[in-house]
Amino acid sequence: MITTTGDARGLIIGAVLIAGTLTTVNDVSHGRSPQLRTAVGCVVAGTLLAALAGPAPGVAGGLAALLAVAAVLTTGAPALGAITKGLQK
């Protein structure tokens, strides 16, 4: 259970990194250049969740976990497929 601001912010950083990395890998694997909106979205999401972590760390941590799970479910399989295909070359 997330009870401190520090725990929530650690989870937020991890979730934003997961979402940004998977989205970027997915874009590159489909021959597209990484988009600026991915970086802007990660910065905005991280900033808003970090601001929420002060008064409500449990809510911010839960939303960060939801962000990470959504990123894995939507772009995880294609991104990991591209990574394993690149390693097999």
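Below, each value reflects all heavy atoms present in this structure, side chains not excepted, and no hydrogens, waters or symmetry copies.
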In Å, rounded to the nearest 0.5 Å, how long is the span from CG of Leu52 to CD1 of Ile12? 7.5 Å

Between OG1 on residue Thr75 and CG on residue Leu22, distance to nearest 0.5 Å: 4.5 Å

Does a side-chain heavy-atom distance below 4.5 Å link Val16 with Cys42? yes

Worked verdict on Val40 versus Val44 for side-chain contact (heavy atoms from CB on, under 4.5 Å): CA-CA 6 Å; Val40 171; Val44 170; 4.2 Å; yes

With Pro34, which of Thr24, Val25, Thr23 fulfils side-chain contact (heavy atoms from CB on, under 4.5 Å)? Thr24

Filter on salt bridge (charged side-chain N to carboxylate O under 4.0 Å, His left out), then keep only pairs touching residues 62-72, sequence neighbours left out; what's left? none

Side-chain heavy atoms of Leu63 within contact of Leu67, under 4.5 Å: no

Is a donor on one side and an acceptor on the other found under 3.5 Å between the side chain of Thr21 and the backbone of Ile18? no

Testing the basics here: between Gly61 and Leu11, what is the closest heavy-atom pair and its distance to 0.1 Å? O-CD2, 3.1 Å

Distance check, rounded to the nearest 0.5 Å: Thr84 atom OG1 versus Leu80 atom CG? 7.5 Å

Residue pair Ala53 / Arg9: nearest heavy atoms and the distance that separates them: CB-CG, 4.1 Å

Is there a side-chain contact between Pro57 and Asp7 in this structure, where contact means two heavy atoms from C-beta onward sitting under 4.5 Å apart? no

Pairs touching residues 31-43 that satisfy side chain to side chain donor-acceptor pair (under 3.5 Å), sequence neighbours left out: Asp27-Arg32, Gln35-Arg37

